[in-house]
Structure formats: C-alpha cells, structure tokens
Amino acid sequence: MAFQERVFSGVQPSGNLHLGNYLGAIKRFVELQDRYSCIYCVVDLHAITVWQDPAELPRAIREVAAAFIACGIDPQQHIVFNQSQVAEHAELAWVFNCVARLGWLNRMTQFKEKAGKDRENASVGLYAYPTLMAADILVYRATHVPVGEDQKQHLELSRDIAQKFNNDFAGSIRDKGFGDAFFPLPEPLITGEATRVMSLRDGTKKMSKSDASDYSRINLTDDADAIAQKIRKAKTDPDPLPSEPKGLEHRPEADNLVGIYAALADSSRAAVLAQYGNAQFSTFKTALVDLAVAKLGPITTEMQRLLRNPLAIDAILADGAARAQKLAHETMKAVKDIVGFVRR
Ligand code: AQP
C-alpha cells in the first residue's frame with residue numbers, strides 16, 4: 001500500500017542543545033521542508049525519562065522550539081509543537097508497549113548506555129523510550145524520519161513495531177477497510193557529513209547534552225568567544241591534516257573536526273581536505289572558528305530574539321499542537337477500531 005509521504009522527527013528539551021543536534025538533525029529538518037510535509041516535535045515526554053527540573057523545563061521546551069524556527073523551519077507551512085500537548089502520543093505508545101517484545105527492548109544500546117551500572121534505578125520510561133518514539137512517528141503515519149546515527153537502532157525498532165502491528169491485526173485492518181497494512185515502515189534519513197558529531201574532548205565519544213564537560217560541545221547558545229575557545233581547545237593529534245579522507249582513518253579527532261567543517265560549509269570531507277590537506281591544526285582551527293561563528297552566530301541571535309517573547313513561542317506550539325492533534329486523533333480512532341476497543 002502506498003502511504004502519503006510525511007516527515008516526522010523530534011528533539012528532546014533536555015538542555016544544552018548542541019552542534020550535533022544541529023548538524024545531525026535540525027539542519028536536515030530545514031532542508032526537507034521543500035520536499036515533504038513535515039512535523040517537528042519538541043519531545044518533552046522523552047525528556048522526563050531522566051529527571052528534569054520543573055522550573056527549567058518550560059525554558060528548555062521553548063529553546064528547542066526557538067532553535068527550530070531560528071534555523072529556518074517554517075511553523076506555518078509545517079507543524080512545530082511539543083509532544084505533551086498531544087495525548088495521542090502516549091495513548092498509542094501504550095498499544096505499542098503491548099506489541100513490542102521485551103527481547104527487542106533489551107537489545108537497545110541507548111538504554112544500556114544511559115542507565116549504565118545503576119540499571120535498577122533507571123526509570124521505566126527510559127526503558128520504554130523506543131515504544132514512545134515509535135508512537136511519535138506512527139501516530140502521524142510518517143514515512144521518513146531524519147535523525148542522527150545514534151537513533152538508527154530505535155528507528156529499526158519502530159519499523160519492527162509497525163510490521164508486527166500490521167501482521168498481528170492483519171485481518172482486522174482488512175475488515176475495517178485499511179487494506180494490507182495500516183502503518184508504513186518509516187525510513188530513517190541519516191545523511192550528510194555529520195551524522196555522528198563527536199565530543200571535542202574525545203573523538204570516540206558522541207557529542208552529547210549530558211556530557212559533564214561544557215568544552216565537549218558547542219551549544220547553540222554559545223557566543224563567538226565561547227565557540228572560538230572551545231574549538232581552539234579541541235583535542236587533536238600532532239600530525240598535519242591529510243590530503244584525502246582515507247588519511248582520517250584512526251584519527252577520530254581530526255575526522256570529527258573535518259566532518260564538522262564539511263557539514264557547516266555544505267561541502268564534503270574530500271573537498272575540505274583538498275583545501276586544507278597538509279595544513280597544521282592551528283591554521284585549520286582558525287578557519288573552523290570563522291566558519292562556525294559565521295554559520296551559528298545568526299542562529300544564536302535569532303534564538304535569543306525569539307526567547308524574549310515566550311508567549312509568541314507558546315502560541316506557535318499551541319497552534320502546531322492543534323493541527324498535529326487532528327491528524328493523531330484520526331489515527332487513534334482507526335487504531336481503536338482495529339484493536340477492537342469500543343469507542344464513542
Ligand atoms: N552527536 C550527535 N551527532 C549527530 N546527531 C546527533 N543527535 C544527537 N546527538 C548527535 C541527533 O539529534 C536529534 C535529537 O536528539 P535528542 O535530543 O532527542 O536525543 P539524544 O540523541 O539523546 O541527544 P544527546 O545530545 O545525546 O542527549 P543526551 O546527552 O541526553 O543523551 C536526534 O536525531 C539525534 O540523533
């Protein structure tokens with residue numbers, strides 16, 4: 001069955017929105033607007049899978065919304081909202097909790113990494129995170145999901161859940177007139193030169209919001225001085241840059257900085273190395289600082305401007321939530337019929 005093409009993706013309002021979120025996700029979101037009808041969500045229900053201070057959370061939600069808009073997402077043409085305003089996400093997630101298998105969730109590496117050694121003390125929500133993510137996507141029957149490399153496994157699980165739902169309820173889906181399959185199998189869109197931006201302190205670790213060191217990441221709220229200082233202090237190795245991408249193998253920090261440059265310049269590692277091959281890191285870092293400040297500066301300024309008017313951001317989120325809910329409600333009505341619930 002052919003599904004109407006639709007993009008869905010989300011970002012958690014868990015503070016410290018960074019360059020990895022921008023290059024791996026938000027920049028892609030912007031590029032997809034011309035080709036698809038898009039839904040971009042501030043996934044606050046996901047954020048509370050680890051503790052969030054209630055006094056800080058509203059600002060973090062507005063900050064992600066401001067980042068979406070400052071980066072160029074059009075909330076009128078597309079949909080921008082925060083997840084907790086559309087209850088259908090949680091409702092479908094429950095159905096998916098009953099479709100997904102424990103064995104599937106036990107294989108999720110992100111849970112293992114985030115729960116760490118203190119697994120007994122992790123929230124049930126952190127464990128069930130991938131079923132909520134499947135619901136986020138499938139409640140809109142979205143077909144394409146732009147994400148960073150780290151979310152690939154969760155996307156595969158979303159596909160497994162969609163497939164199992166379609167199989168388990170095949171008879172009912174046909175009887176209710178939905179054809180052979182009710183949910184599409186969503187495709188991950190993991191593209192570009194920076195699908196996995198690494199920490200500036202350790203090229204083998206992902207750049208992440210929760211890293212204790214602020215020097216590990218460039219935050220979207222950093223000013224030019226902070227960006228310059230962080231890039232200058234970024235870990236490197238003693239050799240000059242290679243002149244071809246193959247020379248970046250086994251040099252994770254060099255690979256990361258070249259990848260960041262390429263992604264910010266909408267270029268490729270090969271083109272960057274054609275220009276900077278054999279250069280010392282000091283020269284390359286100066287060029288990277290200039291590029292990063294030129295690209296991120298206007299975003300930071302626009303985010304600050306938007307955040308000065310929180311009521312305007314809330315109005316955008318409320319409007320987006322109302323439009324999202326119309327779509328989600330239709331899906332949930334159908335899911336209830338398919339599953340066999342009696343409804344009003
Ligand atoms: N380092 C990264 N490189 C490329 N893409 C990344 N993303 C996250 N980190 C990188 C992508 O950003 C989108 C939103 O991510 P998220 O905020 O929902 O969750 P996350 O992946 O858990 O982000 P963090 O920064 O790593 O947070 P913590 O520290 O809380 O775990 C996703 O598409 C993600 O792939």
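Both ligands and their constituent atoms are indexed starting at 1 by order of listing.
- Between Met207 and ligand 1, an N or O atom pair is found at a separation short of 3.5 Å.
- Heavy atoms of His46 come nearer than 4.0 angstrom to ligand 1 in no pair at all.
- Just one residue in the list Ile137, Val335, Ile161 forms a side chain to side chain contact (heavy atoms under 4.5 Å, CB included) with Phe183, and that residue is Val335.
- By the 3.5 Å distance cut-off applied to N or O atoms, Gln110 is not counted among the residues near ligand 1.
- Formation of a donor-acceptor pair under 3.5 Å by the Arg141 side chain with backbone atoms of Phe182 is found in this model.
- Remark: distances from the non-hydrogen atoms of Glu149 to ligand 1 are all 4.0 Å or more.
- Looking from atom 24 (P) of ligand 1 to the surrounding protein, the closest heavy atom is Lys206 NZ, 3.7 Å.
- Contact annotation for Thr195 and ligand 1: only backbone heavy atoms (N, CA, C, O) come within less than 4.0 Å of the ligand.
- Backbone and side-chain nitrogen or oxygen atoms of Asp211 are examined, and none is located within less than 3.5 angstrom of a nitrogen or oxygen of ligand 1.
- With Asp53 contributing its side chain and Ala55 its backbone, the two residues share a donor-acceptor pair below 3.5 Å.
- Not a single N or O atom of Val147, backbone or side chain, sits closer than 3.5 Å to an N or O atom of ligand 1.
- At a heavy-atom distance under 4.0 Å, atoms from both the backbone and the side chain of Gln12 approach ligand 1.
- The existence of a salt bridge linking Glu302 and Arg305 is confirmed by a sub-4.0 Å separation between a basic side-chain nitrogen and an acidic carboxylate oxygen.
- Protein heavy atom in closest approach to atom 28 (P) of ligand 1: Ser210 OG, 3.6 Å.
- Although no hydrogens or angles enter the test, the distance criterion places no donor-acceptor pair under 3.5 Å between the side chain of Glu330 and the main chain of Leu327.
- The shortest N or O to N or O distance between Gly148 and ligand 1 is under 3.5 Å.
- Looking from atom 5 (N) of ligand 1 to the surrounding protein, the closest heavy atom is Gly20 O, 3.2 Å.
- Not one N or O on the side chain of Arg343 forms a donor-acceptor pair closer than 3.5 Å with the backbone of Gly340.
- The proximity of Ala25 to ligand 1, defined as any non-hydrogen pair under 4.0 Å, is limited to the side chain.
- Contact annotation for Asp150 and ligand 1: only side-chain heavy atoms (C-beta onward) come within less than 4.0 Å of the ligand.
- The proximity of His18 to ligand 1, defined as any non-hydrogen pair under 4.0 Å, is limited to the side chain.
- Atoms of ligand 1 lying under 4.0 Å from any heavy atom of Gly24, numbered from 1 in the order shown and given with element: 4 (C), 5 (N).
- For atom 30 (O) of ligand 1, the closest non-hydrogen atom on the protein side is Lys114 NZ, 3.6 Å.
- When all heavy atoms are compared, the tightest approach of Met108 to Pro130 is CG-CG, 3.9 Å.
- In terms of protein heavy-atom proximity, atom 7 (N) of ligand 1 is closest to Asn21 ND2, 3.7 Å.
- The shortest N/O to N/O separation between Val197 and ligand 1 falls below 3.5 Å.
- Ring pair Tyr140/Phe8 is parallel by interplanar angle, where below 30° counts as parallel and above 60° as perpendicular.
- With hydrogens left out, the protein atom closest to atom 17 (O) of ligand 1 is Lys209 NZ, 2.1 Å, a heavy atom.
- Looking at ligand 1, you won't find any N or O of Ser9 less than 3.5 Å from one of its N or O atoms.
- For the residue pair Thr109 and Gln153, a side-chain donor N or O sits within less than 3.5 Å of a side-chain acceptor on the partner.
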